[in-house]
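When a ligand or atom number is given, it counts from 1 through the structure's own listing order. For clarity, every value in this text was computed on a predicted model and none was experimentally measured.
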Amino acid sequence: MESTLKTQIPIEKVKTSKIDQVDLDNLAFGSVFSDHMLVCKYKNGAWETPKIIPYGPISLNPSAKIFHYGQSIFEGMKAYKDDQNDVFLFRPLDNHKRFNISASRMAIPELPEEFFIDGLKTLLELDKAWIPQSAGSSMYIRPFMFASGEGFHASPADEYTFMICLAPSGPYFSGEVKVLIEETYSRSANGGVGYAKAGGNYAGQFYPTQLAKAKGYQQVVWTDDHTHENIEEAGAMNIFIRIGDTLITGPTSDRILDGITRKSVLKIAEAEGIKTEVRTITVTEVVEASKNGTLKEMFGAGTAAVISPIAGFGYRETDYDLPVLEDSYASMLKGRITDIQYNRAEDPFGWRVKL
Ligand code: PLP
Ligand code: COI
């Protein structure tokens, strides 16, 4: 049944679309934005009716708490267009659920499901022409919310803003991905906010990632903050490691984002008869496996990154290369998951949602 909110969202359309200025067949990741955006305010203890307006600057007071205390969360999703021009979302209710998990941790009020789902469907329908169709492209969807209420008192704000912006996007990585296993800095800690998609989690990664980039790596692999001996996740991706023919990923925890791609990959791998293990993976084990030839693959999994094979890793000033495989798990799993996302194959798991 169609919810009533969808019919109530007022839409102010752009006077002139910018779509002709964009080459939808040649897109970088997340750097051009569609014509419209959704905005919804939380005031006096309640969410107001969302509205859709032209994409553009918003006005905030300098004392808005987002600027001072970083009360801000986001989600990352994609809309996929098939060759019939039909549009699909992938497990969107899981994103909504995680949005509210992040919100609670950051003392931000939860957002009702219909605001999230109806809001993004209405926005996508309006800007449907912006959804790219070329191989590897999709509409990256960025729902986010932040403390727009004012005050220098270090306590939660009394007003919040929920927004959704759309960025037609190509691949997140261009070229080979080499990672550095990090031992000095930590992304998160027990009891912290690592499992939330809080803006500050990403800001905190930028400096160590800049240091890794200067050494020729594209991404940092985070280890646990206590011992730096266990592999956790990689920047904006969960990480998978294939030793022999077993596919291993670490367990989720306070410190790790519970990735939707990660859990989908595990399900697909199991359905394909691949032996999977969800358990602590040590750096020592991975280095040993590389030395004795049993380390076959490493790859990152995430909405933006899809499945990104890792070409090699650095650890304690030594570089370890991964073999180039003809029939890797990464390419098979990427094929399976994107076939479901782009409506090129059956969806036995019921993950696809038609717009
Ligand atoms: N880990 C982190 C820190 C991320 O930012 C992301 C991206 O969203 C992921 C993992 C992968 O999560 P998902 O597959 O839900 O996009
Ligand atoms: C995503 O995969 O959607 C993410 O949120 C990663 C983002 C930091 C680019």
Quiz question: by atom type and distance under 3.5 Å, do the side chains of Trp222 and Gln205 form a donor-acceptor pair? yes
Is there a donor-acceptor contact under 3.5 Å linking the side chains of Asn85 and Gln133? yes
Using a strict 4.0 Å threshold on nitrogen-to-oxygen distance, state whether Lys296 and Asp245 make a salt bridge. yes
Using a distance-only test with no angle check, is there a side-chain donor-acceptor pair under 3.5 angstrom linking Thr223 and Asn230? no
Who passes side-chain hydrogen bond (donor to acceptor under 3.5 Å, both in side chains) against Tyr140, sequence neighbours left out? Arg142
Tell me every residue that passes ring pair (Phe, Tyr, Trp, His ring centres under 6.0 Å) with Phe88, counting only those two or more places apart in sequence or in another chain. none
Is the distance between the ring centroids of Phe99 and Phe116 less than 6.0 Å? yes
Just list the N/O pairs, ligand 2 to protein, that are under 3.5 Å apart, with the distance for each.
unit_1: ligand 2; atom_1: 2 (O); unit_2: Thr303; atom_2: N; d: 3.4
unit_1: ligand 2; atom_1: 2 (O); unit_2: Ala304; atom_2: N; d: 2.8
unit_1: ligand 2; atom_1: 3 (O); unit_2: Tyr140; atom_2: OH; d: 2.6
unit_1: ligand 2; atom_1: 5 (O); unit_2: Tyr140; atom_2: OH; d: 3.3
unit_1: ligand 2; atom_1: 5 (O); unit_2: Lys197; atom_2: NZ; d: 2.7

If you look at each N/O of ligand 1, which protein N/O atoms lie under 3.5 Å away, and at what distance?
unit_1: ligand 1; atom_1: 1 (N); unit_2: Glu233; atom_2: OE1; d: 2.5
unit_1: ligand 1; atom_1: 5 (O); unit_2: Lys197; atom_2: NZ; d: 3.1
unit_1: ligand 1; atom_1: 5 (O); unit_2: Tyr202; atom_2: OH; d: 2.5
unit_1: ligand 1; atom_1: 8 (O); unit_2: Lys197; atom_2: NZ; d: 2.6
unit_1: ligand 1; atom_1: 14 (O); unit_2: Ile260; atom_2: N; d: 3.3
unit_1: ligand 1; atom_1: 14 (O); unit_2: Thr261; atom_2: N; d: 2.8
unit_1: ligand 1; atom_1: 14 (O); unit_2: Thr261; atom_2: OG1; d: 2.5
unit_1: ligand 1; atom_1: 15 (O); unit_2: Arg98; atom_2: NH1; d: 2.7
unit_1: ligand 1; atom_1: 15 (O); unit_2: Arg98; atom_2: NH2; d: 3.0
unit_1: ligand 1; atom_1: 15 (O); unit_2: Ile260; atom_2: N; d: 2.8
unit_1: ligand 1; atom_1: 16 (O); unit_2: Thr303; atom_2: N; d: 2.9
unit_1: ligand 1; atom_1: 16 (O); unit_2: Thr303; atom_2: OG1; d: 2.6

Group every Ile, Leu, Val, Met, Phe, Trp and Tyr by side-chain heavy-atom contacts under 4.5 Å, then state whether Ile268 and Ile241 land in the same group. no
Once rounded to the nearest 0.5 Å, what's the spacing between atom CG of Leu322 and atom NZ of Lys178? 9.5 Å
